[in-house]
Colleague: 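Dumping the structure here so I can ask a few things about it.
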2 protein chains.
Amino acid sequence: MNQRQDLVGQRAPGSRRGKGGDGAERHEIIYRSISDAIIEHRLKPGARLREDALAEVFGISRTGIRKILQRLALEQLVTLTPRRGASVTRPTAEEAHEVFAARQMVECGLMPEVARCVDEASVKTLHELSDQEQKALRKGDHSAAIRHSADFHTCLARLAGNATLAEFVERLCFRSSLILAVYGKPGHLGCETHDHATLITLLKEGRGQEAAVLMGNHLRAVEATLAIVEEDQEAPDLHQIFLS
Amino acid sequence: MNQRQDLVGQRAPGSRRGKGGDGAERHEIIYRSISDAIIEHRLKPGARLREDALAEVFGISRTGIRKILQRLALEQLVTLTPRRGASVTRPTAEEAHEVFAARQMVECGLMPEVARCVDEASVKTLHELSDQEQKALRKGDHSAAIRHSADFHTCLARLAGNATLAEFVERLCFRSSLILAVYGKPGHLGCETHDHATLITLLKEGRGQEAAVLMGNHLRAVEATLAIVEEDQEAPDLHQIFLS
DNA sequence: CCGTCTATTTTTGTATACAACAAGCAATGT
DNA sequence: ACATTGCTTGTTGTATACAAAAATAGACGG
């Protein structure tokens, strides 16, 4: 909230150094702002992200915005169409399946190691995340719920101690959030079950193999709540539609 | 080869449009040029990549180079130090272990699916890659051997039909190449064994589980040939060294 | 009244200019 | 002789200016 005030606002050419935050840090904040907005569905898939508009909102020039958009594009949260600019990625049905298959492989594969590594502090953090998610869900705050769910899975992956794999899982979770936005049925919402809490219990007791199985079922269940069908945008067959 | 001629050379301010290739395509070519040079160890870890120099070499302005460097940084092939510029990433020992652990999980996990998907054409491609690698190895052409080895593993991963996972494997292979450059013993070189050929045979016969086991051993063997020890760069204890 | 062509406007792509920072070097003082 | 400090130089960070390409709207002809 406070940063907002700093970010927007005056940008007299010389006053650049006056800010407390370093330049790179400001970029990081802006990156996260946009990233969060996408993950929390405040920016919906397909939404256009004009450089000029973003530059004005955050009080930096287009150069910085472009850098950030490029980063988001590499993480597949936004799509950069040449000469058309940036928009929030709308995952295809195929991508959706791929992402869930990838999560299935990596997240399940990580469980045994996580079961070996958990300690008191981690369990506490996981519980908090899980509780926050449930609370948000009950309040009907979809944005927060999605955010906490992604955080839960990411946090879990991090416990295995492999930063490379954890980062991969994080990205998959972000993309999952986009998939939910596109293919999720209005009623259902992501990880609504009690699975997360059960998962924590299993891991705490060192039952890694069972945790892996549960995680597998959990991911399959989430994917099953989706209506992953490609609504063909390009070349809708008019003959098929009108001459039937 | 032809593009090379176009890329270097004159860059009269107005001649920008004269090129046959589209702008984005040229960027892709430059990206690949640098990426290849890193993967094939023609640019060694730690090598500095000055924007100005690269801009001149490829005949575009620093803006384009920065974009490319940023992309390479996100793929962890180059490291961007604030105010110090870009250099070829020197993986830490920890990163090295992480990358191999990740490959272990993903590449092995992919084998059953690959065994299900292989067809005649794929087998032929894989054999070619494997042969080229062996040939390069015999000729002592390390660059080509490393390249083909990475291509082999990437191609294999692609066969499973999951582009997301395949891309992840590709990146891991690239990073593995860097790891080899830093921690590889001069004598040994990557995948020197007959494993690749054996792998193809197993997959062709649909023995996915056995292929997974072999892949596991293969990766462990490669990692075992490395001398992964952190040579502490910062703060070498001079007292310890000279006053012993 | 509708379709097409053109002009305008909007938006991105690229280069360059300028300012800030880090590093190396020299000079001076202790 | 050594350390510290200030200057000079090289390199990156940021903004802006300009050019090219879409999208849009308007005019003209059928």
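The figures that follow rest on heavy atoms only: side chains count, while hydrogens, waters and symmetry mates do not.
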Colleague: Mind pulling the stems DNA chain D is in, i.e. runs of at least three Watson-Crick or G-U pairs, everything under 3.5 Å?
Modeller: C:1-30 with D:1-30
Colleague: Looking only at the side chains, is there a donor atom on one of A:Tyr31 and A:Glu75 sitting less than 3.5 Å from an acceptor on the other?
Modeller: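 Side chains of A:Tyr31 and A:Glu75: pair found under 3.5 Å.
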Colleague: Within the structure, does a side-chain N or O atom of A:Lys67 lie under 4.0 Å from either OP1 or OP2 of D:dG13?
Modeller: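 Looking at the OP1 and OP2 atoms of D:dG13, neither is under 4.0 Å from any side-chain N or O of A:Lys67.
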Colleague: Ignoring hydrogens and angles, state whether a donor on the side chain of B:Arg71 or A:Gln70 is under 3.5 Å from an acceptor on the partner side chain.
Modeller: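 There is no such pair (donor and acceptor under 3.5 Å, judged by atom type) between the side chains of B:Arg71 and A:Gln70.
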Colleague: Figure out the CD/P separation between B:Glu56 and C:dT16, and round it to whole Å.
Modeller: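 So the CD-P distance, B:Glu56 to C:dT16, works out to 13 Å.
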Colleague: Are A:Ile68 and A:Phe58 close enough that some pair of their side-chain heavy atoms sits under 4.5 Å apart?
Modeller: no
Colleague: What's the verdict on side-chain hydrogen bond (donor to acceptor under 3.5 Å, both in side chains) for B:Glu170 and B:His153, showing C-alpha distance, side-chain angles and the deciding distance?
Modeller: CA-CA 8 Å; B:Glu170 183 175 33; B:His153 280 269; over 6 Å; no
Colleague: Who passes salt bridge (Lys or Arg N to Asp or Glu O under 4.0 Å) against A:Glu51, sequence neighbours left out?
Modeller: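 Testing A:Glu51 for salt bridge (Lys or Arg N to Asp or Glu O under 4.0 Å), a comparison that skips the adjacent residues, returns A:Arg62, A:Arg66.
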Colleague: Kindly write out the residues that satisfy salt bridge (Lys or Arg N to Asp or Glu O under 4.0 Å) with A:Asp36, not counting sequence neighbours, or none if the list is empty.
Modeller: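 By the salt bridge (Lys or Arg N to Asp or Glu O under 4.0 Å) rule, A:Asp36 matches A:Arg147.
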Colleague: In whole angstrom, what separates B:Arg26's CZ from C:dG13's P?
Modeller: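 Taking atom P of C:dG13 as the reference, CZ of B:Arg26 is at 14 Å.
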Colleague: Between D:dT12 atom P and B:Ile65 atom CD1, what is the distance in whole Å?
Modeller: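 That distance rounds to 11 Å.
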Colleague: Can you check the B:Leu54 CG to D:dT12 C1' distance for me, whole Å?
Modeller: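 Rounded to the whole Å, the gap is 13 Å.
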Colleague: Collect all protein-nucleotide pairs involving nucleotides 9-12 of chain C in which both atoms are nitrogen or oxygen and the distance is under 3.5 Å.
Modeller:
| unit_1 | atom_1 | unit_2 | atom_2 | d |
| --- | --- | --- | --- | --- |
| C:dT11 | OP1 | A:Arg50 | NE | 3.2 |
| C:dT11 | OP1 | A:Arg50 | NH1 | 3.1 |
| C:dT11 | OP2 | A:Arg50 | NH1 | 3.3 |

Colleague: Taking only residues two or more places apart in sequence, or in another chain, which ones meet B:Arg32 in a salt bridge (Lys or Arg N to Asp or Glu O under 4.0 Å)?
Modeller: B:Glu28
Colleague: Name all residues meeting the salt bridge (Lys or Arg N to Asp or Glu O under 4.0 Å) criterion together with B:Glu128; count only those two or more places apart in sequence or in a different chain, and write none if there are none.
Modeller: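 Counting only residues at least two positions away or on another chain, B:Glu128 forms a salt bridge (Lys or Arg N to Asp or Glu O under 4.0 Å) with B:Lys124.
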